[in-house]
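Counting convention: from 1, in listed order, for ligands and their atoms alike.
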Amino acid sequence: MAQLNLVVLLLAVPWLFTGAIVVVDGQHYTAYMPYCSNTDNYTMASAYQVNLVSLMSDLPQGAINNRGFYSSMAGEAPDQVFGLTMCYVDRNWTQCQDCVRAAAAGVQQTCPFSREMEACYDACVLRYSNVSFLSVADPTTALYMILRSSVVSDAPSMVAARQKLMSQLAAGAAAAESSPQLLGLANGSVGYTDSLGGQQVIYGLAQCTRDLNASECTRCLMKTISDLSSTFPNDTYGAVKAYSCYVVYSVGGNFLSISIPPPAPSPPPAPSPPPETTVSPAPTTSRNKKALLAGVLVASSLVSIIGIGTLVWFLQRQRHTRNALQKEQELYMFNEEPQVLDMLNDELFQGNVPRRFKYSELAFATRDFNDKEKLSEGGFGSVYRGYLKGMNLHVAIKRVSKSSWQGKKEYESEV
Ligand SMILES: *[C@@H]1O[C@H](CO)[C@@H](O)[C@H](O)[C@H]1NC(C)=O
Ligand SMILES: *[C@@H]1O[C@H](CO)[C@@H](O)[C@H](O)[C@H]1NC(C)=O
Ligand SMILES: *[C@@H]1O[C@H](CO)[C@@H](O)[C@H](O)[C@H]1NC(C)=O
Ligand SMILES: *[C@@H]1O[C@H](CO)[C@@H](O)[C@H](O)[C@H]1NC(C)=O
Ligand SMILES: *[C@@H]1O[C@H](CO)[C@@H](O)[C@H](O)[C@H]1NC(C)=O
Ligand SMILES: *[C@@H]1O[C@H](CO)[C@@H](O)[C@H](O)[C@H]1NC(C)=O
């Protein structure tokens, strides 16, 4: 049986890498290439820091009470701080809550003394600023995610179906912005017949932060969908995270389990609490659970059969080029299958083309994942120091442990 062996590589100086990792309750949450402002920093015990801390203590519970999205502000000008956080609905509600808590608790680890921060995590996004940014989309792409070893046989049919699906979803997500119950998102699927006569289904999700109106949501999604098209010519899965919106698709849907955040917990006990309160969220939850379980079952069996790897990488932020430190950051995940890998879309990366690495190259760089090179140990695996000779580059390499996938199996047997 193919061994699942995911590896993440971050091309960055190690201190910067560790700086982007938030450690909460011994769990590591990676802020993928955060944007941290680096001028006009606030100082220790300043009014700005006090306001920031106060805002960050409100955001997580606000988001948990508000179905995975919350925006707020604290203090008065010139020390006023604005912030928002949102969960991605292709992660479950537990992951969402953990993410918003960790992201908020970790802002001072992620961007010490910055007046502005934008960061995408696996399950959520968090932004704060001294300038009000609410209601204006930031379509800057922060992160791409791809499943390695996984391309479709008939790319033109897939691309056509994906385009159709994504424009439907973009319209749906924008329309949902005007209806609070719809959470600024749309998910769905379309079927297509590939050139071999096979019936395929492509699943997708488009999601905007809920501070946006329909036109701002559309503006953000158009940008991410166009990034999606140019970045994933024939992949079976692709995701683009921007700071104000998110799109993801999966051919077959195995890697896309949507779990719509539950309605707010009921308000504090009323004078005469109705006895049936505990049953209220049941219908949707059990349906979501079933959908999730189905996804998990197929996903875990597929994973064990073909040993899929995931590749993640960053696009350099174009808008904030002033932040020279972030120039070379890229992140990769992939499997150990030795393979000659193609460069992706040079144009998109403007010469800053991400490179994919063979497992053996990374094993070599870390002296076979030697314990002496270990920088940290996290919930999803260990981080190693490494040196890529060919590129004369010191790197931090994260080896994702199987346990994060085993978690799914445990979940499967629990249910
Ligand atoms: C401001 O803070 C950032 C980290 O958030 C740091 O990288 C930068 O050097 C600081 N800038 C100044 C001028 O101190
Ligand atoms: C907000 O912070 C930036 C630095 O990130 C600074 O350049 C700008 O002047 C500040 N704006 C206001 C209105 O305080
Ligand atoms: C949507 O929001 C943007 C930014 O706040 C604003 O400029 C625009 O006028 C709004 N559009 C509509 C139709 O309300
Ligand atoms: C969106 O996802 C939810 C949860 O998985 C599912 O119940 C629903 O049917 C999906 N909607 C569409 C249109 O596929
Ligand atoms: C997938 O797309 C890449 C880039 O266009 C191409 O090089 C590769 O041959 C394609 N693979 C398949 C199996 O179509
Ligand atoms: C959420 O997902 C994580 C990781 O896949 C899993 O370990 C956990 O059991 C899931 N929790 C629920 C409530 O589905």
Side-chain angles (χ1 to χ4, degrees), residues 12-13 15-20 22 31 33-44 46-49 51-52 67-68 73-83 87-93 96 106-119 127-133 164-166 168-173 175-176 181-191 201-207 248-250 252-262 281 283-299 319-320 322-327 329:
V13 281
W15 65 263
L16 196 61
F17 181 49
T18 41
V22 176
M33 194 185 165
Y35 164 68
C36 305
S37 69
N38 58 7
T39 56
D40 194 21
N41 285 0
Y42 67 82
T43 52
M44 205 55 141
S46 60
Y48 196 83
Q49 188 184 40
N51 294 337
L52 178 63
R67 309 189 73 180
M73 58 195 90
E76 303 292 331
D79 295 306
Q80 195 167 20
V81 192
F82 303 83
C87 290
Y88 301 118
V89 297
D90 59 345
R91 294 294 181 264
N92 68 36
W93 185 233
C96 163
V107 291
Q108 294 185 82
Q109 272 173 273
T110 308
C111 294
F113 304 112
S114 289
R115 259 177 220 270
E116 297 180 84
M117 177 185 117
E118 295 179 289
R127 304 170 63 188
Y128 75 80
S129 174
N130 60 336
V131 183
S132 172
F133 58 86
K164 181 179 162 199
L165 174 63
M166 283 301 159
Q168 283 171 8
L169 296 180
Q181 283 316 300
L182 296 176
L183 310 183
L185 63 90
N187 64 299
S189 58
V190 298
V201 182
I202 178 166
Y203 294 80
L205 163 70
Q207 189 178 4
V248 53
Y249 76 94
S250 173
N254 303 328
F255 295 94
L256 189 59
S257 51
I258 311 287
S259 110
I260 307 293
T284 48
T285 321
S286 71
R287 217 181 357 198
N288 287 348
K289 262 194 177 166
K290 269 185 203 148
L292 179 64
L293 176 63
V296 163
L297 282 171
V298 187
R319 209 189 47 164
H320 296 289
R322 64 178 185 262
N323 198 338
L325 283 176
Q326 295 176 343
K327 270 227 165 89
Q329 284 192 34

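- Heavy-atom contacts of C111 reach the following atoms of ligand 1: 5 (O) (cutoff under 4.0 Å).
- The main-chain N or O of Y203 is never found under 3.5 Å from a side-chain atom of S189 such that the two would form a donor-acceptor pair.
- Under a 4.0 Å criterion applied to the non-hydrogen atoms of N130, ligand 2 contributes the atoms 1 (C), 2 (O), 3 (C), 8 (C), 10 (C), 11 (N), 12 (C), 14 (O).
- In this structure, R91 contributes its side chain and C96 its backbone to no donor-acceptor pair below 3.5 Å.
- Checking N38, T39, N41 against atom 10 (C) of ligand 1, the nearest heavy atom belongs to N41.
- Scanning for side-chain contact (heavy atoms from CB on, under 4.5 Å) contacts around S129 gives E116, V131, F133, with sequence neighbours left out.
- Of all atoms in ligand 2, numbered sequentially from 1 with element shown, those under 4.0 Å from a heavy atom of R115 are 2 (O), 5 (O).
- Considering backbone and side-chain N/O of I260, none are found under 3.5 Å from N/O of ligand 4.
- Under a 4.0 Å criterion applied to the non-hydrogen atoms of S37, ligand 2 contributes the atoms 5 (O).
- For P34 against A119, the heavy-atom pair with the smallest separation is CB-CB, 3.9 Å.
- Residues F113 and M44 form a side-chain contact, since some pair of their non-hydrogen atoms from C-beta on lies under 4.5 Å apart.
- Atoms of ligand 2 found under 4.0 Å from any heavy atom of D40 (numbered from 1 in listed order, with element): 4 (C), 6 (C).
- Residue P112 places at least one N or O, backbone or side chain, under 3.5 Å from an N or O of ligand 1.
- Of all atoms in ligand 2, numbered sequentially from 1 with element shown, those under 4.0 Å from a heavy atom of E116 are 5 (O).
- No donor-acceptor pair closer than 3.5 Å links the side chain of Y249 to the backbone N or O of L165.
- Taking distance alone, with nitrogen or oxygen atoms compared against 3.5 Å, S189 stays at or beyond that limit from ligand 4.
- With R115 contributing its side chain and D40 its backbone, the two residues share a donor-acceptor pair below 3.5 Å.
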